[in-house]
Undergrad: 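For reference, the structure I am asking about is given below.
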Amino acid sequence: MVLSNTEMIPGKRIVQFYGVVFGSTVRSKHIGRDIMAGLKNLVGGELKGYTELLREAREEALERMRQQASSLGANAIVNVRFATSSVAQGAAELFAYGTAVTVE
Amino acid sequence: VQELAGWIPFLVLLLVTFAIGEVVERRHYRSIRRREERWREIPLTTFREVPRAWEVQGCTLVVASTVVSVDYFKRFLAGLRAITGGRVRSYESLLDRARREALLRVKKAAIDAGCHAVINLRLETSNLSSPQGKQGVAGVEIVAFGTGLRLARRPV
């Protein structure tokens, strides 16, 4: 599965469109990470626990989107976008969407 | 005197977080500059189209992110700044570091995927809510993503 955030797959021709595919996941941080982040909040800098948490979540959202695309018979997803929204205190939704296509 | 003694822990906290925050920031900037120098030959553009001279052999989505927060001292300074308004330099440098870090991670991800360039780069910023309903922001997440290209020849 080839992914791209451009309208085309560079160097390839799109032969079929399947419409929008998306994947999402809602994640909450756990207490251990909160305590570490609370300490880190005093001295500043990168909150690695949160970076890792969001990276994993985004990877999962992408994976779900890929599965949806391959079940449609597509071999590529173009114009991939991301969206993040906090649905509740301490929980966030990571969302990925794009257009499933077949390229030559 | 006793009233003053009550302020001591607060002052110590300010001083300690100032010192550590300053060291962390300086070290981070040094690391950013070093990596920017090392990966300078990887072009990173916001163009949506591939430049005509490039011969594309393959592409892949590259995503990278970082979550950062300011130190206690800077938050205190920003609180003071809110009285008079105007430029909050301490937050500016934090966001600058975070964006440059995210861009460097995109380059790293592109290199790891065997790519020579990245096009259609996008940057997004979002706030993370603070834990247990405390005031303020726990952190800021910067996401950078684009399309990494494998090219027949290295771009000049």
Side-chain angles (χ1 to χ4, degrees), chain A residues 1-12 27-31 33-59 61-62 65-66 76-94 96 98 103, chain B residues 13 16-17 19-25 27-28 47-50 54-75 90 94 97-98 101 105 119-122 124 126-134 136 138-141 143 145-150:
Chain A
M1 185 73 58
V2 184
L3 266 64
S4 164
N5 72 335
T6 52
E7 279 97 298
M8 305 284 224
I9 295 291
K12 299 240 169 77
R27 290 289 177 100
S28 167
K29 42 201 188 180
H30 66 73
I31 292 190
R33 269 178 175 151
D34 258 4
I35 293 167
M36 278 311 292
L39 289 177
K40 205 64 213 278
N41 240 330
L42 287 178
V43 295
E46 181 172 13
L47 309 176
K48 291 221 172 70
Y50 286 174
T51 304
E52 196 52 31
L53 179 85
L54 290 168
R55 195 190 61 75
E56 276 167 21
R58 200 165 281 117
E59 196 47 54
L62 279 176
M65 180 176 73
R66 278 196 205 101
I77 306 171
V78 292
N79 225 344
V80 174
R81 307 273 168 85
F82 292 102
T84 313
S85 52
S86 46
V87 281
Q89 189 66 250
E93 188 204 25
L94 281 291
V103 293
Chain B
L13 188 61
V16 168
T17 55
I20 299 176
E22 199 73 357
V23 168
V24 167
E25 172 158 300
R27 196 180 297 163
H28 191 197
F47 301 153
R48 295 201 306 194
E49 308 254 324
V50 181
W54 294 0
E55 200 182 312
V56 180
Q57 290 182 330
C59 79
T60 180
L61 187 73
V62 284
V63 189
S65 67
T66 178
V67 178
V68 291
S69 87
V70 281
D71 57 66
Y72 190 81
F73 178 75
K74 283 184 169 178
R75 213 168 302 139
S90 52
L94 178 84
R97 272 160 62 195
E101 179 68 40
R105 286 182 186 180
I119 59 164
N120 204 18
L121 186 92
R122 295 288 178 266
E124 281 176 16
S126 57
N127 289 338
L128 298 185
S129 60
S130 55
Q132 290 105 39
K134 270 186 246 148
V140 177
E141 193 204 20
V143 192
F145 61 102
T147 301
L149 301 175
R150 275 186 295 278

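Lettering of chains follows the sequences in order, A, B, ..., and the numbering in each one begins at 1. A quick note: this is a predicted structure, and the numbers were derived from the prediction, not measured.
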Undergrad: Sequence neighbours excluded, which residues qualify as side chain to side chain contact (heavy atoms under 4.5 Å, CB included) partners of Glu22(B)?
TA: Phe18(B), Arg26(B)

Undergrad: Taking side chain as everything from C-beta outward and backbone as N, CA, C, O, which of these in Val16(B) sits under 4.5 Å from a heavy atom of chain A? Side chain, backbone, both or neither.
TA: neither

Undergrad: What residue, out of Asn120(B), Leu149(B), Thr17(B), has the most heavy-atom pairs lying under 4.5 Å from chain A?
TA: Asn120(B)

Undergrad: Select, from Ala64(B), Gly21(B), Ala19(B), Ser65(B), the one with the greatest count of heavy-atom pairs under 4.5 Å involving chain A.
TA: Ser65(B)

Undergrad: Heavy atoms only, distances under 4.5 angstrom: which of Thr84(A), Leu54(A), Val2(A), Ile77(A) has the most pairs with chain B? Name it, please.
TA: Leu54(A)

Undergrad: Please name all residues satisfying side chain to side chain donor-acceptor pair (under 3.5 Å) with Glu93(A), sequence neighbours left out, ordered by chain then number.
TA: Ser24(A), Ser85(A)

Undergrad: Do side-chain atoms of Thr51(A) reach the backbone of Val67(B) as a donor and acceptor pair under 3.5 angstrom?
TA: yes

Undergrad: Less than 4.5 Å apart, any side-chain heavy atom of Ile20(B) and any of Phe73(B)?
TA: no

Undergrad: Is the count of non-hydrogen atoms from other residues, nucleotides or ligands lying under 6.0 Å from Arg122(B) atom CZ greater than 12?
TA: yes

Undergrad: Looking at Glu7(A), Arg55(A), Arg58(A), which has the largest count of heavy-atom pairs under 4.5 Å with chain B?
TA: Arg58(A)

Undergrad: Sort Arg105(B) into side chain, backbone, both or neither according to what part of it lies under 4.5 angstrom from a heavy atom of chain A.
TA: side chain

Undergrad: In terms of heavy-atom pairs under 4.5 Å with chain A, which of Val56(B), Val50(B), Leu13(B), Val24(B) leads?
TA: Val56(B)

Undergrad: For Glu49(B), is the CD atom crowded, meaning more than 12 foreign heavy atoms sit under 6.0 Å from it?
TA: no

Undergrad: Quick one: closest heavy-atom pair of Glu46(A) and Thr66(B), and the distance?
TA: OE2-OG1, 3.2 Å

Undergrad: Which atoms of Val63(B) come close to chain A, meaning under 4.5 Å heavy atom to heavy atom: side chain ones, backbone ones, both, or neither?
TA: side chain

Undergrad: Using a cut-off of under 4.5 Å on heavy-atom pairs, state which of Thr6(A), Ile9(A), Asn5(A) scores highest against chain B.
TA: Asn5(A)

